[in-house]
Amino acid sequence: MAAAALANGDVRAGGGGAVPRPTNPMVTPLLTDLYQFSMAYAYWKAGKHLDRAVFDLYFRKSPFAGEFTVFGGLEECIRFIANFKFKEEEINFLRTALPTCEDGFFEYLSSIDCSDVEVYAIPEGSAVFPKVPLMIIEGPVAVVQLLETPFLSLVNYASLVTTNAARHRLVAGKPKNLLEFGLRRAQGPDGGISASRYSYMGGFDATSNVAAGRLFGIPIRGTHSHAFVSSFLGLDEIIDKALSSSDGSNKCEDFVSLVENWLVKIQGASSLRGSFGETNQSELAAFTSYALAFPNSFLALVDTYDVMRSGVPNFCAVALALNDMGYKAVGIRLDSGDLAYLSIETRKFFCAIEKEFGVVGFGKTNITASNDLNEETIDALNKQGHEVDSFGIGTYLVTCYAQAALGCVFKLVEINKQPRIKLSEDVTKVSIPCKKRCYRLYGKEGYPLVDIMTGQDEPSPKVGERILCRHPFIESKRAHVVPQHVEELLKCYWPGNSFEKDIDANLYPLVNAEAVQREELPSLNENRSRCMRQLERMRPDHLRKLNPTPYKVRSITIKLDVTYLIPLHLNLTMHTRSARLLIR
């Protein structure tokens, strides 16, 4: 659902440029659960619809058995509320869905927008942790209630796939190229667009998804399929055999013969003698034809017949012929078999070609691997040893196969300046009341130590000052921290009518331009860079795949605990002793 919520008009692309985005008719104020409208009507009927409410959007547990999550979906939430307005036909439909509601309620719905809503959020692309609000949404309770489901829809998948991508980046290592190949396996085209966007934000380098490339400025990569290779019968099918050199200074009238001559040389090379026999001629024809079409980006799929006996030698013959014409072949793709073994053997073959024929750099020709790769298989390849330079990952990335959903929640924490709490016998589901401020405290080594929540009116933690951080539900979990750096996490991305500053009328068409002051929405590339920087600042043991060290989260100040959390438990629970036991 994520890509669908983008506003009409020009939107910043991955590199910061503007590209037009199409309107998705599915994303409207109707993209919510029926009970949101039922509650809105009940609020309106009781005269409470204008009560000022504060909701926290957060998750309770990091996904993939890990200790971190990467926040995604913020921009789309902001663009959603920027264009939040009921159309006449939508109101007419609601009348049929809620036939017992009074006409005045539908007139009220026709009049509302999000100009009186405030949204505070952690910057998109940030590493985030359980219970700490990703977003705080404040406004008229009926309006904010209608935002719950679309916000959860936009944030849950975006954050999940961004985190999944970041985990793949961590296990693959910084030097490797990660290519997202998941469009054909995604849950519908809209899910495919979102997967491409958030995989890139999480650290992937490129996508095969052409539409995502256009919408977001993501680099596009790809090669041919097995069908292309098996569609050729022989070299005599190639009609146009001419190829001009890369600088245009000369022209080879029969590039096919040049390829054949190189194959003979490879077959006769002393260092390669006996390593392969007669190669498949239909495969050679396919590679040659593809190179004639794309001499600057020749990357061949070499496992249609036999990787080492046919695919790699055929590729080398075409690559060396391209080299004679001033072109550099990109590399090969392995899509089946023992990827560790085949990549190592292929690298040996490339190095032997470089030594035999003196083609500088040929030994470093790119090797790409695909075939249902995931975090576990890449980790296994690392342990075996391999020579893969790039990984093409699809199904397990875009479907988030290892975990179906992130499970963000949207909880009321304050109404009309009065704190509110959700109680539960499961303490992990107890909410932290009141409108809060959130900080990340860093130690002297530069690593984050703890995220702490305070009341809105509390003074912020100070560098060099000792602060007691308490777990809200476990008395024994407390620690004194002397931060060397303090970062306030929540920034205002949609201030409603709270401040005065000019805004972009194209981005915020429904809001009075004199009433808003806000953080700018970064480009996709800026969010991607933030994600990489944040992960680099985390302690490695928090990020490791197996048994990561828990990050200290859900810490609160004494004032937040004593002023709000404990009294609310006591007031809302019949027995003081049981209340105290519940929260301790």
Side-chain angles (χ1 to χ4, degrees), residues 64 164-182 185 199 202-208 219 221-226 229 271-272 275-276 283 287 298-316 319 328-356 359 361-398 401-402 532 535 540 543-546:
F64 309 114
N164 199 16
R167 291 177 63 88
H168 280 79
R169 167 52 69 196
L170 289 170
V171 73
K174 186 182 293 187
K176 303 300 181 183
N177 287 314
L178 295 180
L179 314 173
E180 180 267 310
F181 287 170
R185 299 287 189 259
S199 294
F204 272 58
D205 298 289
T207 180
S208 65
R221 298 288 184 271
T223 182
H224 57 77
S225 69
H226 295 101
V229 176
S271 60
L272 300 171
S275 62
F276 67 99
E283 180 182 64
F287 289 177
F298 175 56
L299 193 153
L301 179 60
V302 297
D303 67 341
T304 305
Y305 300 109
D306 188 294
V307 172
M308 298 311 303
R309 292 185 176 277
S310 181
V312 171
N314 278 338
F315 164 79
C316 290
K328 181 177 175 59
V330 173
I332 66 156
R333 177 162 71 98
L334 300 168
D335 193 49
S336 61
D338 187 332
L339 298 177
Y341 169 78
L342 291 173
S343 68
I344 291 170
E345 291 303 306
T346 299
R347 183 68 67 206
K348 291 178 182 177
F349 201 99
F350 288 166
C351 290
I353 290 287
E354 178 175 352
K355 184 176 180 180
E356 182 77 26
V359 182
F362 198 91
K364 296 181 179 179
T365 299
N366 185 278
I367 299 172
T368 298
S370 52
N371 187 32
D372 281 342
L373 298 180
N374 57 32
E375 192 180 344
E376 284 70 28
T377 54
I378 295 174
D379 187 48
L381 286 170
N382 290 341
K383 292 173 180 175
Q384 295 172 53
H386 66 86
E387 287 291 334
V388 176
D389 302 295
S390 305
F391 294 99
I393 306 172
T395 303
Y396 288 91
L397 174 67
V398 304
Y401 190 87
M532 298 300 97
L535 295 181
L543 302 177
R544 67 190 178 205
K545 182 179 183 300
L546 184 63

### Task
Could you grab the distance from atom CD of E283 to atom CZ of F287, nearest 0.5 Å is fine?
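Nearest 0.5 Å value for the CD-CZ distance: 4.0 Å.
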### Query
To the nearest 0.5 Å, what is the distance between CG (L178) and CG (L397)?
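Those atoms lie 9.0 Å apart.
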#### Entry: Residue R347 excluded, over 12 heavy atoms near CZ under 6.0 Å
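Counting other residues, nucleotides and ligands, CZ of R347 exceeds 12 neighbours.
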### Task
Please indicate whether Y305 has more than 12 foreign heavy atoms, meaning atoms of other residues, nucleotides or ligands, lying under 6.0 Å from its OH.
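Enclosed.
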### Test applied, side chain to side chain contact (heavy atoms under 4.5 Å, CB included); reference residue, F315; option that passes from V302, V307, T346
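Result for side chain to side chain contact (heavy atoms under 4.5 Å, CB included) with F315: V302.
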### Query
Quick one: does R333's side chain get under 4.5 Å of L299's, heavy atoms only?
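A side-chain contact under 4.5 Å exists here.
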[X]-[Y] side chain donor-acceptor pair, cut-off 3.5 Å:
| X | Y | answer |
| --- | --- | --- |
| E180 | T207 | yes |
| S310 | N314 | yes |
| N371 | S336 | no |

### Task
Grab the two heavy atoms, one from L381 and one from F391, that are nearest each other, plus how far apart they are.
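Taking every non-hydrogen atom into account, CD1-CE2, 3.8 Å.
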### Task
Check whether any side-chain N or O of K176 sits under 3.5 Å from a backbone N or O of V388 as a donor-acceptor pair, and report yes or no.
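Here the side-chain-to-backbone pair exists.
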### Query
Side chain of D335, backbone of L301: donor and acceptor closer than 3.5 Å?
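A pair under 3.5 Å: no.
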